[in-house]
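Worksheet for the structure shown next.
The model shown is predicted, which means the values in this text are computed figures rather than measured ones. In what follows, every heavy atom counts, from backbone to side chain, and hydrogens, waters and symmetry copies are set aside.
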Amino acid sequence: QVKLVESGGGLVQAGGSLRLSCAASGRTFSGDVMGWFRQAPGKEREVIATIRRIATSTYYAYYADSVKGRFTISRDNANDTVWLQMNSLKPEDTAVYYCAASPIATMDPNKYIYWGQGTQVTVSS
């Protein structure tokens, strides 16, 4: 059974940091694009970061403008784990954060096949 399990969410004050983890199991995801998405109440799910391998030991990371310079996505293919380091958090970062996997390079959430259950991130002002 393929599963993605996020962890690391919580409550943090503005300016603080959190590190989200996503553990994948059931098959190898080394060839997939891994993405982090978030959904705030009343808003659509949005992509915030993706990472894909473009050559041996070379990865390309994409960031949404809203998180560029503050968030860092990384992955460990040997352990099928993806992380999202979030620094300088703002109240507007409050959302449920999801990791997802896609076999193709895309930022369209509809193209992501596997999803985790989500982890809540709340940033207080």
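- Y63 and W36 fall within a single hydrophobic cluster, where Ile, Leu, Val, Met, Phe, Trp and Tyr are joined by side-chain heavy atoms under 4.5 Å apart, directly or via other members.
- In this structure, CZ in R19 is found 11.5 Å from CE in M86, a value given to the nearest 0.5 Å.
- Here the straight-line distance linking atom CG of N77 with atom OG1 of T28 works out to 6.5 Å at 0.5 Å rounding.
- A heavy-atom distance below 4.5 Å is found between the side chains of T94 and Q120.
- Here the closest heavy-atom approach between residue A14 and residue P91 is recorded as CB-CD, 4.1 Å.
- A donor-acceptor distance shorter than 3.5 angstrom exists from the side chain of E6 to the backbone of G118, with no hydrogens or angles considered.
- Counting heavy atoms from C-beta outward, W83 and T72 have side chains that stay 4.5 Å or more apart.
- For the pair Y112 and V33, the minimum side-chain heavy-atom distance is below 4.5 Å.
- For the pair A101 and D32, the tightest heavy-atom approach, listed with the atom from each and the gap, is CB-OD2, 4.1 Å.
- Contact check for L89 versus F71: side-chain heavy atoms found under the 4.5 Å cut-off.
- For Q39 against K43, the heavy-atom pair with the smallest separation is NE2-O, 3.1 Å.
- Counting only heavy atoms from C-beta outward, the side chains of R38 and V67 approach each other to under 4.5 Å.
- Taking CG of L20 as the reference point, atom OH of Y97 lies at 7.5 Å (rounded to 0.5 Å).
- Annotation: the span from Q85 atom CD to S74 atom OG amounts to 8.5 Å, rounded to 0.5 Å.
- Considering CG of N79 and OG of S21, their distance stands at 11.5 Å, rounded to 0.5 Å.
- Classification of D93 and K90 as a salt-bridged pair fails, no side-chain N sitting under 4.0 Å from a carboxylate O.
- Nearest heavy-atom pair across I113 and P103 is CD1-CD, 3.6 Å.
- When all heavy atoms of V47 and A64 are compared, the pair lying nearest together is O-CB, 3.6 Å.
- Between W115 and F37, the ring-plane angle classifies as tilted under the 30° and 60° cut-offs.
- A side chain to side chain contact (heavy atoms under 4.5 Å, CB included) with Y59 holds for exactly one of R75, R52, M34; it is R75.
- To the nearest 0.5 Å, atoms CD1 (I51) and OH (Y62) are separated by 14.5 Å.
- Note: the hydrophobic cluster containing I54 does not contain V82 (ILVMFWY, side chain heavy atoms under 4.5 Å, direct or indirect links).
- Put simply, the side chain of Y98 does not reach to within 4.5 Å of the side chain of L4, judged on heavy atoms.
- The closest side-chain heavy-atom distance from Y114 to F29 is below 4.5 Å.
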